Undergrad: 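I am attaching a structure below and will ask some questions about it afterwards.
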Amino acid sequence: MTQKKGFIDVVVGLQWGDEGKGKNIDELLSRGSYSAVARFQGGANAGHTIKLRDVTFIGHIIPSGCLQKNIELFVGNGVVIDTVSLIKEIKQLKDLGFDVKARLYISNRAKLVSYLHPFLDQADEHRRNKLGTKIGTTFRGIGPAYSDVRARRALLIGDVLSPDFKEKESTLSEFHMNFLNMYKEKYGFEIDLEKINEAKEKWREAVKELKKLQICDLSFLIQKRLREGKNILAEGAQAVMLDIDFGDYPNVTGSNTLPANVCLGLGVPHNYLRDIYGVIKAYTTKVGGGNFPARMEDQALEKLFQEAGNEFGATTGRPRMCGWLDLFALRYAISLSGANKIFINKADICLSNKIKVVIGYKQGKKILEEFPLYLNKVTEVVKEEIPGWGKANYGVKNKQKVSKELSSYLKYIKNKLSDLSVKIASVGTGPDRNHFFNWDD
Ligand code: IMP
C-alpha cells in the first residue's frame, strides 16, 4: 500500500482549450502549498502566456510555474517533447532572469517529437483537406508523435543517452521519409527537402542540449516527493473537449486530456489525487475543425469578443471562434473530469446587454440527453437569454463590487450545475495576476 503524505491537485480546461489555465496555475502556486508543477500530456501544441510584473513569457513545453523561483518543474512520461521548443524556452527564461535548469526534471519515459513529425502532421492535414475533413491541427507533430508511441517505434527521452540513439533515430527517420513519399505520391503533398534539412540541423543541436538536462525516472522522483509530504500541481494542456477518447473525434488532440490521465502521464497511483480544478471562460472559444454548436450567430459580435478577449492562438496565432457559454458541454466535461472547483475566466468580457447560454443540443426535434458521438449531427441548440453586463466588471477584485448582472450570471451557472457538486472558486476580471475575486468560500 502506498504511504500517503502529499497530494496532487489537477488543473484542466473544461472547454476546447485556451481557458487561461496558466493564470489560475500561477495563482494556485503562489498560495505556497505546492512544491512542483507537472505536465502529464500533450506537447508544444499548448501555449500558455504567463505574466509576472513586467515579464511576459509564452511557454509550450515548460510548465506554467516557471516564473516562480522555488517551484520544481516536471515534464512527465505522457508528454511528447518538442526539443527545439524546450531548449528555446529554457534560453528565453534565462534571458528573462529565470534559470530553470536546476529545477527542471524530465521523465526518461517521455517521448521525443522528431524533426519529421511536424512534416507528417502537415502531410496528413493535406490529405484530410482533400477529403474535406481537416482537423486544423497546430502542426506541432502531436498526432504523428503519439501514433509512433502506440506503434511502439517512438524515441524515448532516455534514448538520447544511449549509444545506439543515432541508429534508432535514423531508422525512424527513414520510416518517416517513406511515409512522406507516400503522401507525395498519393496525395500530391510537396516535400521541401531544404526545410527538412534545416529542421534536422536545429533538432540535432537541440538534442545535444537536451542531454545536459536532468533526465530521470520522474515517477520515482514524484513518489519520493509525495512521501516527503510535498504537494504537486498537475497542469493539463488543451482541454476535456479535445480529449482523444471523449472529445468530438477526430477533431481532438492526440492525448487524453482528462485528469484520469494524470496517473498514467506521471506514473502515480490515483489515490494521491485530491482537488480537480476545472477552468472555463465566461464564454466559449474553439479553434480547428468540427462543429461548434455554441458559436455566436452574429459575426460582428464574435469579432468584438475576439478582439476584447485577445482570442488568437498563442501557438499558431489563429483567430479563435467565439461562442456562448455551453452548459450542455460543460456538464459533460465536469462529469468526465470530476472537477469539484471551477475557475471562471474573462468574466469582464461581455460586450452586450443580453447574452445567451446554451443549455441543450437538438438532433432534429429530439433534445439530447447524452453528449452526441458526432457533433456535426447537432442541428440546433437550446438557448436561454439573460442580461449582460457590458464593461462593468473589468478589474474587480471583490465579490461585493461585482455588478448585479454578473452576480446573477454566476448564480445562474451555479444553479444549473447544482447537482454536480461543484464550487465556483474564483472569477477572473482581467489579464493581470490580481484581476480576480473569490466567489464560493
Ligand atoms: P493537435 O493537438 O495539434 O493535433 O490539434 C488537434 C486539435 O486540437 C486542433 O483542433 C487544434 O486546434 C486543437 N488544439 C491543440 N492544442 C490546442 C490548444 O492548446 N488550445 C486550443 N486548441 C488546441
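We count ligands from 1, going down the list as the structure has it; atoms in each ligand are counted the same way. The first residue of the sequence shown is numbered 1, and numbering continues consecutively from there. What you see is a predicted model; the values in this text were computed from it and never measured.
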Undergrad: What short N/O contacts, under 3.5 Å, does ligand 1 make with the protein, listed by atom pair and distance?
TA:
residue, atom, partner, partner atom, Å
ligand 1, 2 (O), Asn45, ND2, 2.9
ligand 1, 2 (O), Thr253, OG1, 2.6
ligand 1, 3 (O), Thr138, N, 2.8
ligand 1, 3 (O), Thr138, OG1, 2.6
ligand 1, 10 (O), Ile135, O, 3.4
ligand 1, 10 (O), Val287, O, 3.3
ligand 1, 12 (O), Gly136, O, 3.3
ligand 1, 12 (O), Val287, O, 3.4
ligand 1, 12 (O), Arg318, NH2, 3.0
ligand 1, 16 (N), Gln238, NE2, 3.4
ligand 1, 19 (O), Asn45, O, 3.4
ligand 1, 20 (N), Asp18, OD1, 3.1
ligand 1, 20 (N), Asp18, OD2, 3.3

Undergrad: Answer yes when Asp148 and Lys111 have at least one side-chain N-carboxylate O distance shorter than 4.0 Å, and no when they do not.
TA: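 Salt bridge between Asp148 and Lys111, a charged N being under 4.0 Å from a carboxylate O: no.
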Undergrad: Inspect the contact between Lys91 and Glu209 and indicate whether a charged nitrogen and a carboxylate oxygen are less than 4.0 angstrom apart.
TA: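 Judged by the 4.0 Å cut-off on N to carboxylate O distance, Glu209 and Lys91 do not form a salt bridge.
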Undergrad: Residues two or more places apart in sequence or in another chain: which of them pass side-chain hydrogen bond (donor to acceptor under 3.5 Å, both in side chains) with Arg127?
TA: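 Testing Arg127 for side-chain hydrogen bond (donor to acceptor under 3.5 Å, both in side chains), a comparison that skips the adjacent residues, returns Asp124.
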Undergrad: So, Glu27 and Arg31, do they make that salt bridge, N to O below 4.0 Å?
TA: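 Here Glu27 pairs with Arg31 in a salt bridge, since their nearest N and O are under 4.0 Å apart.
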Undergrad: Parallel, tilted or perpendicular, judged at 30° and 60°: which one describes the rings of Phe371 and Phe328?
TA: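 Ring orientation, 0 to 90° scale: parallel.
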Undergrad: Could you tell me whether Lys195 and Glu198 have a side-chain N and a carboxylate O separated by less than 4.0 Å?
TA: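 So Lys195 does not pair with Glu198 through a salt bridge.
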